[in-house]
Enquirer: 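Below are the structure tokens for one structure; questions will follow.
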Amino acid sequence: MWRGGATAASAARALRSRMLGDPIHHPSTAILPIPSARAACSAPSAVSPAPIVAEAAAASVAVSSGARSASDVLRHYGSCYWELSKARLSALVVATSGAGYVLGSGSIVDIAGLCYTCTGTMMVAASANTLNQVFEIKNDAKMKRTMRRPLPSGRISPVHAAMWATTVGTAGTALLACKANDLAAGLAASNLILYAFVYTPLKQIHPVNTWVGAVVGAIPPLLGWAAAASEVSVNSMILPAALYFWQLPHFMALAYLCRDDYLAGGYRMLSFADPTGKRTAWVSLRNCLYMLPLGLFAYNWVLHPNGSVSKHRF
Ligand SMILES: CC(C)=CCC/C(C)=C/CC/C(C)=C/COP(=O)(O)OP(=O)(O)O
């Protein structure tokens, strides 16, 4: 039986803590270069072979657990970035932007342009969603629906999240400016500002926040259209308008069903002053009805990127 096991285990622990630090709480010390482990492994020694074997084993354990810890760190922050970005919601936002791009393209769709636009939109939406959570840490911590998010649960620091938002938002806007056009980049940046710096604080001030939030959700297809056509027109507004009216019943239903949670979070929603739900239901129904004429417009108009309206079937 090999008796160097205990020595190897403690040496491995010491090496591992030197190499990796605490990946979660001290991320800056988390990934030190592997060569230090290799150096420990290959350091010449004049002492008996048992410690050499023990140290070699320790180093090899340290390297493999180091690799595991590095991948743990990557997984940890990867999942934080994913959640901060609300990646599934952002993917839906990208789908609407992509639809706008295709409609704004006319008969030929530039696939590379579509990919750049979708990537840029995803990045700016990820940034907007992260900033929203940076500003709502205390509120999110009070709500059942949101208390397990990365910031209120302490899985990532606010500074780290803000740096992620700044990096991805700047890169996404630059991508749109370089590979699409300034109009698309401007719409993306303005929408980020509207969401993070107008809608987000407004949630705690006045129920009108829901309507402002619906504008934020409606901009991405306009952005996509602008990226393809380099301009916006009456036709480019049809899909955004449909999204705007569609979101209101969606948000109203959420605000009514989760009203206790929203109240606990310190938000101001229409549903608080509506115990029977009748007012909320009426606002929802009214906005559903507004969608009917939009369907007729889309059916009867050819959606020319240049905004001219010809009466054909779409
Ligand atoms: C290109 C670009 C910038 C696109 C932005 C797209 C975007 C962020 C859409 C979300 C719209 C919205 C009002 C979500 C609800 O936020 P909430 O704060 O009510 O949600 P929460 O309570 O779950 O945090």
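We count residues from 1, following the sequence as given. Counting starts at 1 for both ligands and their atoms, following the listed order. Only a predicted model underlies this, so the values are computations on that prediction, with no experimental measurement involved.
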Enquirer: Which residues pass the ring-ring contact (aromatic ring centres under 6.0 Å, His included) test with F197, sequence neighbours left out?
Expert: F135
Enquirer: Enumerate, one pair per line, all nitrogen or oxygen atoms of ligand 1 lying under 3.5 Å from a protein nitrogen or oxygen, stating the separation to 0.1 Å; write 'none' if no such pair exists.
Expert:
unit_1   : atom_1 : unit_2 : atom_2 : d
ligand 1 : 16 (O) : Y195   : OH     : 2.8
ligand 1 : 18 (O) : N132   : ND2    : 3.1
ligand 1 : 18 (O) : Y195   : OH     : 3.4
ligand 1 : 18 (O) : K203   : NZ     : 2.7
ligand 1 : 19 (O) : Y199   : OH     : 2.6
ligand 1 : 19 (O) : K203   : NZ     : 3.3
ligand 1 : 22 (O) : R145   : NH2    : 2.8
ligand 1 : 22 (O) : K203   : NZ     : 3.4
ligand 1 : 23 (O) : R145   : NH1    : 3.1
ligand 1 : 23 (O) : R149   : NH2    : 2.8
ligand 1 : 24 (O) : K86    : NZ     : 3.1
ligand 1 : 24 (O) : N132   : OD1    : 3.4
ligand 1 : 24 (O) : R149   : NH1    : 3.0

Enquirer: Closer than 4.0 angstrom, basic N to acidic O: yes or no for E83 and R155?
Expert: yes
Enquirer: Taking the six-membered ring of Y256, is the NZ or CZ of R259 close enough (under 6.0 Å from the centre) and on axis enough (within 45°)?
Expert: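 So R259 does make the cation-pi contact.
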Enquirer: List for me each residue that meets side-chain contact (heavy atoms from CB on, under 4.5 Å) alongside V94, sequence neighbours excluded, and say none if there are none.
Expert: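 Only C118, T121, M122 meet the side-chain contact (heavy atoms from CB on, under 4.5 Å) criterion with V94.
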Enquirer: Quick one: list whatever passes side-chain contact (heavy atoms from CB on, under 4.5 Å) with V198, sequence neighbours left out.
Expert: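 side-chain contact (heavy atoms from CB on, under 4.5 Å) check on V198 returns L194, V212.
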Enquirer: Which atoms form the tightest heavy-atom contact between L192 and A128, and what is the distance?
Expert: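 The pair with the smallest heavy-atom distance is CD1-N, 3.9 Å.
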